[in-house]
Participant: 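Here it is, the structure in full.
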Amino acid sequence: MSSDSESENQLRRDRDLAELLEWFALNENLPQEIEPLLLRRFYQCMYGHVEDTKNLIEVNYALRNKHPHLFIKRDPLDEDSRRTFDYADILPLPGLTPDKYKVSLYCFRDFEPSKMHHTEDTRAFFMVTDCRFIMPDDLAHPEVLSEGEVQIFDMKGTTMRHISRLTISTLRAYVKFLQLAFPVRLKAIHMVNCPTYLDRIVSVVKPFISEEVFKLIRFHTASIDSLYASVPREMLPEEYGGCAGPLATLRAQTQQVLAEKRDYLMDPNHWHVEKPEKRNGKSWKLFN
């Protein structure tokens, strides 16, 4: 791309983002404030289409305010959050893939099913993602935004007792938000260390997952080696054959970010809509 074309694209993006920011401030169906980087993510997710971006933003905050116990009434340092982070890891991994995808890892540290509290754990997941969306995706290239989202779920230690602790309403809200309102395009979901009874687990959760999302799931049943074709080793923790440092270090970094962004996460001006109106959102093309 020529330098002239790059300059033109930059000018158009700046103009569109200014228009979106003004629209956001005047929209009574939205909160009072939005972080500039988050606004840019919405815009990039919709391939720079202003009207589609507006629609995505409205659906995002409508769903947040429909489920305030997941998205608004939260504290990364309270007892519920501590309990989640004591038994599980929810970790954005450093850098981007060659396709400019951001990768996150989710795994158990304690396999005792009674430690799982699905609604509180889902709330913790969204706190981590909300922090990530206002921070650079790649510290080496802070101006570059990811082109998509890749999620890794480590199923080691997962039993049917864990599955029995899923809350259906929470699962529905989680999947609906990923499909309709996430400010990034979901590209793949990798399930690693799959148990021998994987088919039983899938039979339970599949009815609550849209076909569009289910098609993105890759089950790594033989070994984790097949994951390396999609996620470079340098992005993965040492425990997964990677070079990104130990899980403990990544965990400490994530917890530090949550503590630093606590005021942001709990500030109603960024999340709460005074009188959200009921509206029907339609599925946006977040998976292409």
Side-chain angles (χ1 to χ4, degrees), residues 81 83-113 115-116 118 121-122 124-129 131-133 135-141 144 146-160 162-163 174 178 182 184-199 201-202 205 209 213-258:
S81 299
R83 188 166 55 194
T84 292
F85 294 123
D86 278 352
Y87 96 97
D89 283 329
I90 306 172
L91 304 173
L93 300 183
L96 296 172
T97 71
D99 293 322
K100 296 184 180 179
Y101 298 159
K102 188 68 178 177
V103 182
S104 295
L105 170 69
Y106 315 106
C107 59
F108 291 145
R109 297 206 314 279
D110 187 327
F111 303 141
E112 169 55 46
K115 300 291 182 68
M116 177 177 170
H118 187 216
D121 299 344
T122 302
F125 165 83
F126 284 119
M127 282 193 283
V128 173
T129 59
C131 285
R132 186 175 77 69
F133 290 151
M135 300 177 66
D137 291 321
D138 185 354
L139 293 178
H141 304 92
V144 176
S146 70
E147 296 289 346
E149 182 86 357
V150 172
Q151 299 181 348
I152 303 172
F153 288 87
D154 187 346
M155 300 188 70
K156 182 179 180 181
T158 303
T159 67
M160 293 306 295
H162 288 96
I163 302 304
Y174 168 80
L178 285 187
F182 223 38
V184 293
R185 296 185 289 273
L186 189 59
K187 292 294 184 178
I189 300 172
H190 295 278
M191 315 295 282
V192 301
N193 293 320
C194 298
T196 55
Y197 44 86
L198 174 65
D199 57 335
I201 295 176
V202 172
V205 301
I209 301 175
V213 171
F214 193 78
K215 289 178 180 178
L216 300 177
I217 301 178
R218 305 288 182 267
F219 297 99
H220 300 268
T221 54
S223 75
I224 197 173
D225 290 350
S226 55
L227 176 66
Y228 302 143
S230 301
V231 181
R233 285 177 181 263
E234 55 263 29
M235 294 182 66
L236 292 166
E238 293 175 359
E239 291 85 345
Y240 292 82
C243 311
L247 283 170
T249 299
L250 297 172
R251 185 183 311 131
Q253 292 170 350
T254 300
Q255 291 303 306
Q256 181 179 349
V257 169
L258 286 167

Participant: Do I189 and R218 touch side chain to side chain, with heavy atoms closer than 4.5 Å?
Facilitator: no

Participant: If you look at every heavy atom in R251 and L91, which pair is closest and at what distance?
Facilitator: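 Heavy atoms of R251 and L91 come nearest at CA-CD2, 3.7 Å.
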
Participant: Kindly indicate whether a cation-pi arrangement holds for R233 with Y228, taking the cut-offs as under 6.0 Å to the six-membered ring centre and within 45° of the axis.
Facilitator: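 Yes, R233 and Y228 form such a contact.
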
Participant: Kindly indicate, with the supporting measurements, whether the criterion ring-ring contact (aromatic ring centres under 6.0 Å, His included) is fulfilled by F133 and F126.
Facilitator: CA-CA 10 Å; F133 290 151; F126 284 119; 9.4 Å; no

Participant: Kindly indicate, with the supporting measurements, whether the criterion side chain to side chain contact (heavy atoms under 4.5 Å, CB included) is fulfilled by D138 and V144.
Facilitator: CA-CA 7 Å; D138 185 354; V144 176; 5.7 Å; no

Participant: Is any side-chain heavy atom of S226 less than 4.5 Å from a side-chain heavy atom of H220?
Facilitator: yes

Participant: Roughly how far apart are F85 CZ and M127 CE, rounded to 0.5 Å?
Facilitator: 5.5 Å

Participant: Hey, are the side chains of C131 and V128 touching, using non-hydrogen atoms and a 4.5 Å cut-off?
Facilitator: no

Participant: Look at D137 together with R132 and state whether they make a salt bridge at an N to O cut-off of under 4.0 Å.
Facilitator: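 Result for this pair is yes, salt bridge flagged.
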
Participant: So, do L236 and L227 sit near enough that their side-chain heavy atoms are less than 4.5 Å apart?
Facilitator: yes

Participant: E149 vs S104, test: side chain to side chain contact (heavy atoms under 4.5 Å, CB included). Steps then yes/no.
Facilitator: CA-CA 8 Å; E149 182 86 357; S104 295; 3.7 Å; yes

Participant: Please report the C-alpha distance between F219 and V192 in whole Å, then the side-chain angles of each, then the deciding distance to 0.1 Å, and finally whether the side chain to side chain contact (heavy atoms under 4.5 Å, CB included) criterion is met.
Facilitator: CA-CA 6 Å; F219 297 99; V192 301; over 6 Å; no

Participant: Taking only Lys NZ, Arg NE, NH1 and NH2, and the carboxylate oxygens of Asp or Glu, determine whether E147 and R185 approach each other closer than 4.0 Å.
Facilitator: yes

Participant: Sub-3.5 Å donor-acceptor pair from the side chain of E239 to the main-chain atoms of L247, do we have one?
Facilitator: yes

Participant: What heavy-atom pair brings K156 and F111 nearest, and what distance separates the two atoms?
Facilitator: O-CE2, 3.3 Å

Participant: Can you tell me how far apart CE (M116) and OH (Y87) are? Round to the nearest 0.5 Å.
Facilitator: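 M116 CE to Y87 OH: 5.5 Å, rounded to 0.5 Å.
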
Participant: Just so I know, are the side chains of V257 and M135 near enough to count as touching, which here means a heavy-atom distance under 4.5 Å?
Facilitator: yes

Participant: Any side-chain heavy atom of M235 within less than 4.5 Å of one from P94?
Facilitator: no

Participant: Is the centre of the H162 ring less than 6.0 Å from the centre of the F108 ring?
Facilitator: yes

Participant: Once you round to the nearest 0.5 Å, how far does CD1 of I152 lie from SG of C107?
Facilitator: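 Rounded to the nearest 0.5 Å, the CD1-SG separation comes out at 10.0 Å.
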
Participant: Decide yes or no on side chain to side chain contact (heavy atoms under 4.5 Å, CB included) for T84 and I90, but give the supporting numbers first.
Facilitator: CA-CA 9 Å; T84 292; I90 306 172; 4.3 Å; yes

Participant: What distance separates M191 CE from L198 CG, expressed to the nearest 0.5 Å?
Facilitator: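 The CG atom of L198 is 7.5 Å from CE of M191, to the nearest 0.5 Å.
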
Participant: Ignoring hydrogens, what is the shortest heavy-atom contact between P92 and K102? Give both atom names and the distance.
Facilitator: CB-CE, 4.4 Å

Participant: Find out whether L250 and L105 are in side-chain contact, i.e. whether some heavy atom of one side chain is under 4.5 Å from a heavy atom of the other.
Facilitator: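 Side chain of L250 against side chain of L105, heavy atoms only: no contact under 4.5 Å found.
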
Participant: To the closest 0.5 Å, what do you measure between OG1 (T129) and CZ (F182)?
Facilitator: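 It is 4.5 Å, given to the nearest 0.5 Å.
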
Participant: Using 0.5 Å steps for rounding, measure from the CD1 atom of I224 to the OH atom of Y240.
Facilitator: 6.5 Å

Participant: Which atom names give the shortest non-hydrogen contact between R109 and A88, and what distance separates them?
Facilitator: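 Taking every non-hydrogen atom into account, NH1-O, 3.4 Å.
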
Participant: Just wondering, do I217 and V202 contact through their side chains at under 4.5 Å, heavy atoms?
Facilitator: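 Not in contact.
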
Participant: Centres of the Y174 and F125 rings: under 6.0 Å?
Facilitator: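 Y174 vs F125: aromatic centres under 6.0 Å.
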
